[in-house]
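All remarks here apply to the structure that follows.
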Amino acid sequence: TSTSTSTSTSTSTSTSASDMETEEPTEEPADNIFAIISSRPVYESLTAAVLEVDLDGPLRNRKDLTLFAPNDKAFRDFLEEYDIEVEDLFCDNNEDALEELLRNHIVDEELMAEDLRDMRSAESLTGNTLRLRTRSGDLYVNDAEVIREDLDASNGVIHKIDKVLVPDDFELDRCEGDRDGLDHLYKIIKTRPIYTFLTRAVRRTDLKDTLKNRQDLTLFAPNDRAFEKLPEDTLNKLFCENNQQVLREIILNHLVDGESDADDLQDMRKVETLAGNDLRLSESRGTWSVAGAEVLRADKLASNGILHKIDEVLVPEDIRLKDCPSDNDEDVERSFKLGSLNGAGATGHVQFRLSGTSLSVRITARGLSPNLPHAQHIHGALDSGSNTCPTAANDANGDGIITVVEGGSSYGPIAVSLTTSGDTSPDSALALDRFPVADRHGNLDYERTIEVSQEIAAQINEFHIVQHGIDFDRSGAYDGDRESSIDPDVPLEATVPANCGPPADNSGAVTTRSTTTTTTREDAPYGMGSNGKP
């Protein structure tokens, strides 16, 4: 296996005549999907990867499949973007990750381009949602353009794409057998956008040095989705000052003294955490769990231990959280989620803390257009309590996009511009040079404390947050022929809303005033608007 892997992978990182984007034959194929990709030089990297994880069988024999097939250039771009060595991709310890990556390109249904253009999404074999969109006649799946449609096979159809479809939580380990050059546990979680809540909790509880310097640790690391599964009032209270010791105990409940990899843990029934609690270990049909939380990815090596990614926060049974303290009756803690708008796939989590007229805002968002600024605002009409996220009814011209003007009746005008510095009034609505920029993965983390008016403070519970900016054509810039509905000098892409919150399905949009907690629900989000403001 190692010999064939070395031969195959070398072709994926070098440019040769066989790697040129030649057009496939147009004759009627009688071959199965694997036979087709393995016979075409533009798919050498894909073929090598499929063989490495034994997916050639399903691609030969399973019926009615759709394969989104990244060409060799797509794989080279993927390796460069994610700073991955080709040897790491084909390591034995990355076999599960590579298989997940490839299965994310396969749909268990034969879908021709005509079918895909009538759909907004499809589900891959990993269970992930693949976003579908047509722009100027071109078909896109997630961020990848379909550059050759409808290559028929005896057991399905192939669509050639120009980018690798990377799952949200994709990670690779190094191939090295030693620990030279590996990061410590704290740096691993700090630099991974899926661990923003865990990183914040570690910093708040003064456990950073433990994860940096203590040796031979096992960390069961809950990702952001695990924290978002918690009831919103619980998540809100976790980070209050008077619950810092409780939060510390919760984080310690994810740490074990002694390095245990997956093989070690599967031979054990329980482990004792640094919090002094026992965590039950179990395994069923190849999936193993710790205290009921599924281990999503095992054996991420660190210089001082090992990390296992899990899908739930391990909260000890006897934990009791206190209500967040209030200096006076006007103090407010609010926490809610952001739901995607206009098919952007952008979601997030917002936390407010209002003390008098001092408002602290923290936003963690993912799925935004990468490497671009995103205007973001607090919206709400001061004379109305009916502010909501927009619905499909706001799309007045029926073009499938809710512009800022079309959604104006939904949640009211801008109350606050959430800039990174300087003015925060509605006058800064389009100050794109002072709004936060999403990283290369589309993740954005924003935190700022600002002063608001007495009128805004009094109605903060009724307001919504909207983030803007969708790079529809994946050009890496806000451009295109359409102008913004509020400023002809700004492209539509820069101001179109990407998310809004609280959305309709946010069952835990929590507002805490003193010791009173209420839950609010809003109409289903579709687009947005602001009475002439973005």
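In terms of heavy-atom proximity, V107 sits nearest to F68 at CG2-CE1, 4.0 Å. Closest heavy-atom contact between L235 and Q351: O-NE2, 3.9 Å. The two residues A298 and W288 have their closest heavy-atom pair at CB-CZ2, 4.1 Å. Closest of all the heavy-atom pairs between D72 and E44 is OD1-N, 3.2 Å. Among all heavy-atom pairs drawn from A375 and L432, the shortest one is CB-CD2, 4.1 Å. Closest approach of E149 and A113 over heavy atoms only: OE1-CB, 3.3 Å.
The shortest side-chain heavy-atom distance between Q467 and I363 falls under the 4.5 Å cut-off. Within the 4.5 Å cutoff, no side-chain heavy atoms of V404 are placed close to those of V466. With contacts defined as side-chain heavy-atom distances shorter than 4.5 Å, the pair L132/R120 does not qualify. Residues L492 and S485 are not in side-chain contact: their nearest non-hydrogen atoms beyond the backbone lie 4.5 Å or more apart. The shortest side-chain heavy-atom distance between K160 and R40 does not fall under the 4.5 Å cut-off. Looking only at side-chain heavy atoms (C-beta outward), L46 and V50 come within less than 4.5 Å of each other. L230 is not listed as a side-chain neighbour of E312, based on a closest heavy-atom distance of 4.5 Å or more. For the pair F34 and L51, the minimum side-chain heavy-atom distance is below 4.5 Å.
Taking the charged nitrogens against the carboxylate oxygens, D77 and K73 do have a contact shorter than 4.0 Å, which makes a salt bridge. One finds a salt bridge joining D399 and R482 here, because a Lys/Arg side-chain nitrogen approaches an Asp/Glu carboxylate oxygen to under 4.0 Å. Salt bridge status for R366 with E228: present, with a side-chain N to carboxylate O gap under 4.0 Å. Contact check on D108 versus R62 returns a salt bridge, with a Lys/Arg side-chain nitrogen under 4.0 Å from an Asp/Glu carboxylate oxygen. Under a 4.0 Å N-O distance rule, the pair E447/R200 does not qualify as a salt bridge.
How far CD of E52 is from CD of E99: 11.5 Å, rounded to the nearest 0.5 Å. Rounded to the nearest 0.5 Å, atoms CG (D489) and CG (L430) are 10.0 Å apart. Rounding to the nearest 0.5 angstrom, the gap separating the CG atom in L444 from the OG atom in S369 is 11.5 Å. Rounding to the nearest 0.5 Å places SG of C500 at 7.5 Å from CG of L338. For the atom pair L307 CG and D261 CG, the distance stands at 13.0 Å (nearest 0.5 Å). If you take CG on D479 and CG on D471, they are separated by 6.5 Å, rounding to the nearest 0.5 Å.
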side-chain contact (heavy atoms from CB on, under 4.5 Å) assessment of I486 paired with V405: CA-CA 7 Å; I486 59 167; V405 170; 3.7 Å; yes
Verdict with reasoning, H349 to S335, per side chain to side chain donor-acceptor pair (under 3.5 Å): CA-CA 7 Å; H349 183 267; S335 179; 3.0 Å; yes
From CA spacing to verdict: side-chain contact (heavy atoms from CB on, under 4.5 Å), T495, D487: CA-CA 9 Å; T495 60; D487 187 337; over 6 Å; no
Candidate pair S417 and S428, rule side chain to side chain donor-acceptor pair (under 3.5 Å), full reasoning: CA-CA 6 Å; S417 296; S428 293; 5.4 Å; no
Derivation of the side-chain contact (heavy atoms from CB on, under 4.5 Å) call for N104 and L130: CA-CA 8 Å; N104 203 47; L130 303 177; 4.1 Å; yes
K190 and D183: CA distance, side-chain angles, deciding distance, salt bridge (charged side-chain N to carboxylate O under 4.0 Å, His left out) verdict: CA-CA 11 Å; K190 180 184 177 182; D183 295 327; over 6 Å; no
Pair R448-S421, side chain to side chain donor-acceptor pair (under 3.5 Å): steps then yes or no: CA-CA 9 Å; R448 190 179 180 189; S421 63; 5.9 Å; no
Full working for side-chain contact (heavy atoms from CB on, under 4.5 Å) between I470 and I401: CA-CA 11 Å; I470 304 176; I401 298 176; over 6 Å; no
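Using a 3.5 Å distance cut-off with no hydrogens or angles, the side chains of D473 and S475 do pair a donor with an acceptor.
Checking each of T364, T196, N443 against D224 for a side chain to side chain donor-acceptor pair (under 3.5 Å) leaves exactly one that passes, namely T196. Between H308 and the choices V290, D299, L219, the side-chain contact (heavy atoms from CB on, under 4.5 Å) rule is met once, by D299.
Although no hydrogens or angles enter the test, the distance criterion places a donor-acceptor pair under 3.5 Å between the side chain of Y478 and the main chain of P373. In this structure, N342 contributes its side chain and I402 its backbone to a donor-acceptor pair below 3.5 Å. For the pair S38 (side chain) and T47 (backbone), a donor-acceptor distance under 3.5 Å is absent. With hydrogens and angles disregarded, no donor-acceptor distance shorter than 3.5 Å links the side chain of D31 to the backbone of I36. Under the 3.5 Å distance criterion, the side-chain polar atoms of D115 are matched with a main-chain donor or acceptor of M112. Side-chain atoms of D311 come within 3.5 Å of backbone N or O of E294 as a donor-acceptor pair. Remark: side-chain polar atoms of E493 are paired, donor with acceptor, to backbone N or O of F472 under 3.5 angstrom. Checking side-chain atoms of R225 against main-chain N and O of I194 turns up no donor-acceptor pair under 3.5 Å. Between the H254 side chain and the P222 main chain, no donor and acceptor come within less than 3.5 Å of each other. Of the possible donor and acceptor atoms, none in the side chain of H468 sits under 3.5 Å from a partner among the backbone N and O of H374.
No more than 12 heavy atoms of other residues, nucleotides or ligands sit less than 6.0 Å from atom NZ of K187.
For residues 95-144, there are no ring-ring contact (aromatic ring centres under 6.0 Å, His included) pairs, not counting sequence neighbours.
Using cut-offs of 30° and 60° for the angle between ring planes, the F197 and F227 rings count as parallel. Between Y186 and H184, the two ring planes are parallel [angle under 30°; tilted spans 30° to 60°].
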